[in-house]
Peer 1: 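Here's a structure for you.
Proteins come first, then strands; the chains are lettered A, B, ... in the order of their sequence lines, and each starts at number 1.
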Protein chains: 2
Amino acid sequence: MEQEKIIDDFMRRKGLKTTKQRNVIIKTFLNSHSHCSTEDLYLKLRKKHPKIGYATVHRTLKLLVECGIAIEQNFRDGQTRFEPVREDSHHDHLVCVECGLIIEFSEPQIEQLQQEIAASYQFVIRNHRHELYGLCSRCAGK
Amino acid sequence: MEQEKIIDDFMRRKGLKTTKQRNVIIKTFLNSHSHCSTEDLYLKLRKKHPKIGYATVHRTLKLLVECGIAIEQNFRDGQTRFEPVREDSHHDHLVCVECGLIIEFSEPQIEQLQQEIAASYQFVIRNHRHELYGLCSRCAGK
DNA sequence: ATACGTGCAAATAGTTTGCATACCA
DNA sequence: TGGTATGCAAACTATTTGCACGTAT
């Protein structure tokens with residue numbers, strides 16, 4: 001898998017070690033449907049690996065962010081959430097403030113406009129965040 | 001001033017009281033160049049009003065958010081920031097990750113595209129957040 | 001063997017709350 | 001006067017860190 005290779009390279013470059021914990025955390029994270037917080041992942045892992053520590057989960061997620069494998073999100077619920085990066089498809093989010101549903105969307109025209117705005121300020125974009133908050137169709141219908 | 005009227009109405013409607021502290025906090029907040037955190041505002045106020053409490057500042061800012069006079073922002077530095085709402089001009093932000101500079105921008109085309117995206121998911125937008133992170137011209141030039 | 005990683009518990013940072021006192025309407 | 005607001009300190013929540021012990025290279 002491509003991502004495993006990236007992680008491997010990064011670890012080697014930084015002199016970091018492969019451990020059972022890291023393997024299982026990374027695997028679970030990449031397979032989990034995305035947008036999970038440290039706690040979500042910790043609780044999920046604990047079922048099969050009761051000895052795993054919260055701090056290790058958190059440190060591993062930070063590591064993935066450093067490798068560029070994951071990015072941090074923050075949807076105003078007070079928890080930092082992590083999401084695997086899929087290099088081919090950047091996307092942004094619709095967040096339902098009622099039920100917490102998260103829908104991903106992508107719109108190349110917006111990306112293009114962003115670039116133009118940045119350029120007009122001689123600003124170099126590293127990354128961005130674009131979230132639309134409101135009611136999903138179910139919650140709006142109630 | 002228009003905003004003072006809105007605040008007054010809100011206070012009356014909710015049976016809230018006008019106090020010296022609230023007046024000075026609100027006045028300072030509205031006059032301060034925007035994007036300040038509770039702490040920023042607290043420190044600024046403390047110079048002239050040493051007896052004012054951090055909690056009061058924070059509670060007043062929350063109150064302003066409730067009235068729709070202020071909105072909460074969060075630019076990944078771990079602090080919630082508050083910004084006065086100017087009803088006529090919605091805007092988004094460019095944030096320099098190096099020096100913390102914040103530039104406001106607005107782009108009606110993007111707003112329009114957002115509406116179309118939301119509509120395609122039968123999603124009702126309440127508000128949104130759109131931030132571009134990167135290097136400002138000064139920091140990029142270094 | 002050595003340096004990095006882990007798990008635990010404790011520290012931190014930001015925010016929120018309980019409560020006795022002060023104040024507005 | 002009665003209920004709301006304030007200031008302080010303590011509680012909370014999410015996150016980060018120190019450290020003794022374990023483990024990969």
Peer 1: Check the phosphate of D:dA24 against A:R22, side-chain N and O only, distance under 4.0 Å to OP1 or OP2. Yes or no?
Peer 2: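 No, outside the criterion.
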Peer 1: Without decimals, in angstroms, what is the distance between B:R12 CZ and D:dG3 P?
Peer 2: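 Going from B:R12 (CZ) to D:dG3 (P), I get 20 Å.
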Peer 1: Of the options D:dG7, C:dG14, C:dC4, whose atoms approach the side-chain atoms of B:Q79 most closely?
Peer 2: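 Nearest to the side-chain atoms of B:Q79, counting from C-beta on, is C:dG14.
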Peer 1: Which is true for A:K14 with a 4.0 Å heavy-atom rule: it touches a base, it touches only sugar-phosphate, or it touches nothing?
Peer 2: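 Touches nothing.
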Peer 1: Has the side chain of A:K51 got a donor or acceptor atom sitting under 3.5 Å from an opposite partner on the base of C:dG7?
Peer 2: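 Between C:dG7 and A:K51, which were checked side chain against base, a qualifying N/O pair under 3.5 Å is absent.
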Peer 1: Give the rounded distance in Å between these two atoms: CG of B:N23 and P of D:dT4.
Peer 2: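 Atom-to-atom, B:N23 to D:dT4, this comes out as 19 Å.
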Peer 1: Taking the side chain of A:K17 as heavy atoms from C-beta outward, which of C:dA3, D:dT4, D:dA9 is closest to it?
Peer 2: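 So the nucleotide nearest the side chain must be C:dA3.
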Peer 1: Under 4.0 Å between a side-chain N or O of B:K20 and OP1 or OP2 of C:dC24?
Peer 2: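 True: B:K20 side-chain N/O within range (under 4.0 Å) of C:dC24 OP1/OP2.
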Peer 1: Do A:E116 and A:Q112 have a side chain donor and acceptor closer than 3.5 Å?
Peer 2: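 Yes - a donor-acceptor pair under 3.5 Å links their side chains.
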Peer 1: So, is A:Q21 close to the D:dG22 phosphate, meaning a side-chain N or O under 4.0 Å from OP1 or OP2?
Peer 2: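 No, because none of the side-chain N or O atoms of A:Q21 sits under 4.0 Å from OP1 or OP2 of D:dG22.
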Peer 1: Under a 3.5 Å cutoff, is there a donor and acceptor pairing between the side chains of B:H91 and B:E83?
Peer 2: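 There is such a pair (donor and acceptor under 3.5 Å, judged by atom type) between the side chains of B:H91 and B:E83.
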Peer 1: Whether B:T80 contacts C:dT15 is assessed here as follows: a side-chain N or O lying under 4.0 Å from the phosphate OP1 or OP2. Is that the case?
Peer 2: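 For C:dT15, OP1 or OP2 has a side-chain N or O of B:T80 closer than 4.0 Å.
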Peer 1: Of B:L16 and A:L16, whose closest DNA chain D nucleotide lies nearer the 5' terminus?
Peer 2: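 Nearest nucleotide further toward 5': that of B:L16.
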Peer 1: A:I69 pairs by side-chain contact (heavy atoms from CB on, under 4.5 Å) with which of A:I26, A:V85, A:L64?
Peer 2: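 Filter result, single survivor: A:L64.
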Peer 1: Nearest of C:dA3, C:dG7, D:dT15 to any side-chain atom of A:Y54?
Peer 2: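 Among the listed nucleotides, the one closest to the side chain of A:Y54 is D:dT15.
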Peer 1: Can you confirm whether the side chains of A:H93 and A:H130 place a donor and an acceptor under 3.5 Å from each other?
Peer 2: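 Short answer, no.
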Peer 1: Specify the separation, in whole Å, of atom OH of B:Y42 and atom C1' of C:dG14.
Peer 2: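 My rounded result for the distance is 14 Å.
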Peer 1: From CZ of B:R59 over to C1' of D:dT6, roughly how many Å is that when rounded to an integer?
Peer 2: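 Rounded to the whole Å, the gap is 7 Å.
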Peer 1: Nearest-Å distance, CG (B:D40) to C1' (C:dA13)?
Peer 2: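 Whole-Å distance recorded here is 15 Å.
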Peer 1: Could you check how far CD1 of A:I25 sits from C1' of C:dG7, rounded to whole Å?
Peer 2: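 One finds 11 Å between C1' of C:dG7 and CD1 of A:I25, rounded.
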Peer 1: Is any side-chain N of the basic residue among B:D40 and B:R81 closer than 4.0 Å to the acidic one's carboxylate O?
Peer 2: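 Salt bridge flag = yes for B:R81 with B:D40.
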Peer 1: Just compare C:dG5, D:dT6, D:dA14 and give me whichever is closest to any side-chain atom of B:T56.
Peer 2: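 Selected nucleotide (nearest to the side chain): D:dT6.
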Peer 1: Remember a base hit wins even if backbone is also touched, and classify A:S37 as base, sugar-phosphate or nothing at under 4.0 Å, heavy atoms.
Peer 2: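 Counting heavy atoms under 4.0 Å across all strands, no contact is made by A:S37.
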Peer 1: Check this for me, if you would: do A:D9 and A:R13 make a salt bridge, where the nitrogen-to-carboxylate-oxygen distance has to be below 4.0 angstrom?
Peer 2: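 No, this pair does not count.
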Peer 1: Hey, is the side chain of B:T19 poking within less than 4.0 Å of OP1 or OP2 on D:dT6, counting only N and O atoms?
Peer 2: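 Yes, because at least one side-chain N or O of B:T19 sits under 4.0 Å from OP1 or OP2 of D:dT6.
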Peer 1: Which sits closer to the 5' end of DNA chain D, A:F82 or B:L63, going by the nucleotide each is nearest to?
Peer 2: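 Going by which nucleotide is closer to the 5' end, it is B:L63.
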Peer 1: Can you tell me the distance, in whole Å, between the CD1 atom of A:I26 and the C1' atom of C:dG5?
Peer 2: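 In whole Å, C:dG5 C1' lies 13 Å from A:I26 CD1.
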Peer 1: Between A:H49 (NE2) and C:dC8 (C1'), how many Å, whole number?
Peer 2: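 Distance, rounded to whole Å: 19 Å.
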